[in-house]
Every structure is written in structure tokens, then in C-alpha cells.
Undergrad: 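Can you read through this structure? Questions will come right after.
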Amino acid sequence: MFRNDMTVQRQHFAATLALLVRNLPLQDIFTEPLMDLGVYHLRIGAKPEQYPVVRDCLLASIAECLGEKWNKQVETDWTDLMDHVIAAMLRGAMLHALQAISR
Ligand code: HEM
């Protein structure tokens, strides 16, 4: 599925996460861009059931990087953030699909 160089892909993904984490109190302003990101993922063929897989891989990567600093609280915070991101992306994808069939 990944057409681009994975270095660029990693940078895009990391930049998105950094933006979200640095602006945690402003989560609402990300709802629309995340919904658009969900539409983009719908177009490239990402399936809803793949989202938790990506989330769990990400959590495992962060856990590996943080080593002993990884704890239950950090795990809960990252899981909550990713579930929030995934929910907005899937909402965007779903609304887009619904609009497409109601035309
Ligand atoms: C868990 C939440 C996810 C986030 C936050 C996320 C984020 C992103 C971002 C920021 C991009 C770059 C978009 C751009 O270049 O403008 C991207 C691209 C991509 N994502 Fe995701 N993604 C997620 C889940 C998934 C899932 C579940 C899949 C399914 C396998 C997926 C597959 C892809 C692919 C294939 C591309 C690159 C497409 C291309 O080469 O142009 N992503 N993602």
C-alpha cells in the first residue's frame, strides 16, 4: 500500500503525532483534519480493522523506545490518544462513504 519512500512516510506519521501531543489541550481543532485524514485512508484502501493493528504497533514501538520509563499511565494516555485519533479518522471515512451513497 505504501507508494512513497518509508523514510518520508515515517516523517509524516511522526510529524502528525508530534502535532497532536504538543497540542493536547486543543484536540478539538484536530477533529476536522483527522476526519479528512480518515477520508484519505479510505481512498487508499485502509480498512477499519487495520486501525487497532497500527495503534498496537505504535504502542509497542513507543514502549520499546521508552524502556523503563514506559508504565501503565503512559500506556493508558497513549491508548486514549490513539483511540481518539482513530475514532475521528473513522468518523470522517464513514461520513464520506455515507455521503457518496446518498447522492
Ligand atoms: C492509526 C491511525 C493512523 C494515522 C494517525 C495515520 C497517519 C498517516 C499520515 C499522516 C499519512 C501521510 C499522509 C500524507 O502523506 O499526507 C499516512 C499515510 C498512509 N497511511 Fe496512515 N495513518 C493511520 C492508520 C493507517 C492504517 C490503519 C493504514 C492501513 C494499512 C494506513 C496506511 C497508510 C498508507 C498506505 C499511507 C501512505 C499512502 C501513500 O503512499 O501515499 N494508515 N498515514
Side-chain angles (χ1 to χ4, degrees):
M1 291 174 79
F2 293 93
R3 293 165 297 149
N4 292 323
D5 178 355
M6 284 310 283
T7 314
V8 177
Q9 176 61 29
R10 267 195 291 274
Q11 284 165 354
H12 280 185
F13 191 73
T16 305
L17 290 179
L19 200 67
L20 287 165
V21 171
R22 287 193 189 120
N23 295 285
L24 275 179
L26 308 171
Q27 284 306 302
D28 284 356
I29 63 165
F30 293 112
T31 304
E32 217 171 302
L34 285 172
M35 287 172 76
D36 290 344
L37 190 61
V39 175
Y40 170 80
H41 280 77
L42 176 73
R43 292 199 174 114
I44 61 169
K47 298 183 175 65
E49 62 269 26
Q50 291 171 326
Y51 281 79
V53 179
V54 171
R55 178 199 60 200
D56 293 346
C57 289
L58 176 76
L59 293 178
S61 301
I62 299 173
E64 198 180 311
C65 290
L66 284 186
E68 288 177 7
K69 288 185 187 148
W70 180 257
N71 58 41
K72 201 73 210 155
Q73 186 61 56
V74 179
E75 182 181 353
T76 306
D77 290 348
W78 270 103
T79 307
D80 287 352
L81 176 65
M82 287 312 292
D83 284 346
H84 177 80
V85 165
I86 290 173
M89 288 174 72
L90 287 177
R91 200 158 59 244
M94 217 167 58
L95 276 177
H96 182 82
L98 281 172
Q99 278 161 5
I101 58 162
S102 64
R103 261 179 221 133

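All ligand and atom numbering here is 1-based and tracks the order in the structure. Quick note: residue numbers are just sequence positions, from 1.
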Undergrad: For atom 37 (C) of ligand 1, what's the nearest protein heavy-atom neighbour? Residue, atom name and distance, please.
TA: Gln9 OE1, 3.5 Å

Undergrad: Kindly give the heavy-atom pair with the smallest separation between Gly38 and Ala93, and that separation in Å.
TA: O-CB, 3.6 Å

Undergrad: So, for Val21 and Trp78, which heavy atoms are closest and what is the spacing to 0.1 Å?
TA: CG2-CH2, 3.6 Å

Undergrad: Got Lys69 and Val74 here, is their nearest side-chain heavy-atom distance under 4.5 Å?
TA: no

Undergrad: Give yes or no for whether the N/O distance cutoff of 3.5 Å, strictly under, is met between Tyr40 and ligand 1.
TA: yes

Undergrad: Name all residues meeting the side-chain contact (heavy atoms from CB on, under 4.5 Å) criterion together with Arg43; count only those two or more places apart in sequence or in a different chain, and write none if there are none.
TA: Val39, His96

Undergrad: How about Gln9: does its CD atom have over 12 heavy atoms from other parts shown lying under 6.0 Å from it?
TA: yes

Undergrad: Output, by chain and residue number, all protein N/O/S atoms separated from atom 21 (Fe) of ligand 1 by less than 2.8 Å.
TA: His41 NE2

Undergrad: Could you identify the single nearest non-hydrogen protein atom to atom 34 (C) of ligand 1 and state the distance to 0.1 Å?
TA: Phe2 CE2, 3.1 Å

Undergrad: Tell me whether the count of non-hydrogen atoms from other residues, nucleotides or ligands lying under 6.0 Å of CD in Glu64 goes above 12.
TA: no

Undergrad: Counting from 1, what ligand 1 atoms have a heavy atom of Tyr51 closer than 4.0 Å?
TA: 27 (C)

Undergrad: Please list the nearest protein heavy atom to atom 14 (C) of ligand 1 with its residue and the distance rounded to 0.1 Å.
TA: His12 ND1, 3.5 Å

Undergrad: Measure Lys47 to ligand 1 on non-hydrogen atoms and call it side chain, backbone, both or neither using the 4.0 Å cut-off.
TA: neither

Undergrad: Testing the 3.5 Å rule here: is there a donor-acceptor pair between the side chains of Gln73 and Asp77?
TA: yes

Undergrad: Please examine the side chains of Thr79 and Met82, heavy atoms only from C-beta on, and report whether any two atoms are closer than 4.5 Å.
TA: no

Undergrad: Give every residue pair that meets the side-chain hydrogen bond (donor to acceptor under 3.5 Å, both in side chains) criterion with at least one member in residues 82-95, sequence neighbours excluded.
TA: Arg55-Asp83

Undergrad: Does Asp56 have any side-chain contact (heavy atoms from CB on, under 4.5 Å) partners at least two apart in sequence or in another chain, and if so, which?
TA: Leu59

Undergrad: Could you tell me the separation between the CE atom of Met89 and the CG atom of Leu37, rounded to the nearest 0.5 Å?
TA: 4.0 Å

Undergrad: Which residue and non-hydrogen atom of the protein lie closest to atom 29 (C) of ligand 1, and at what distance in Å?
TA: Gln50 OE1, 3.4 Å

Undergrad: Can you pull out the closest protein heavy atom to atom 2 (C) of ligand 1? Residue, atom name and distance to 0.1 Å, please.
TA: Met89 SD, 3.7 Å

Undergrad: Tell me which protein heavy atom sits closest to atom 41 (O) of ligand 1, plus the residue, atom name and distance to 0.1 Å.
TA: Arg3 NH2, 2.6 Å

Undergrad: Can a non-hydrogen atom of Arg55 be found less than 4.0 Å from any atom of ligand 1?
TA: no

Undergrad: For atom 10 (C) of ligand 1, what's the nearest protein heavy atom and its distance?
TA: Thr16 OG1, 3.0 Å

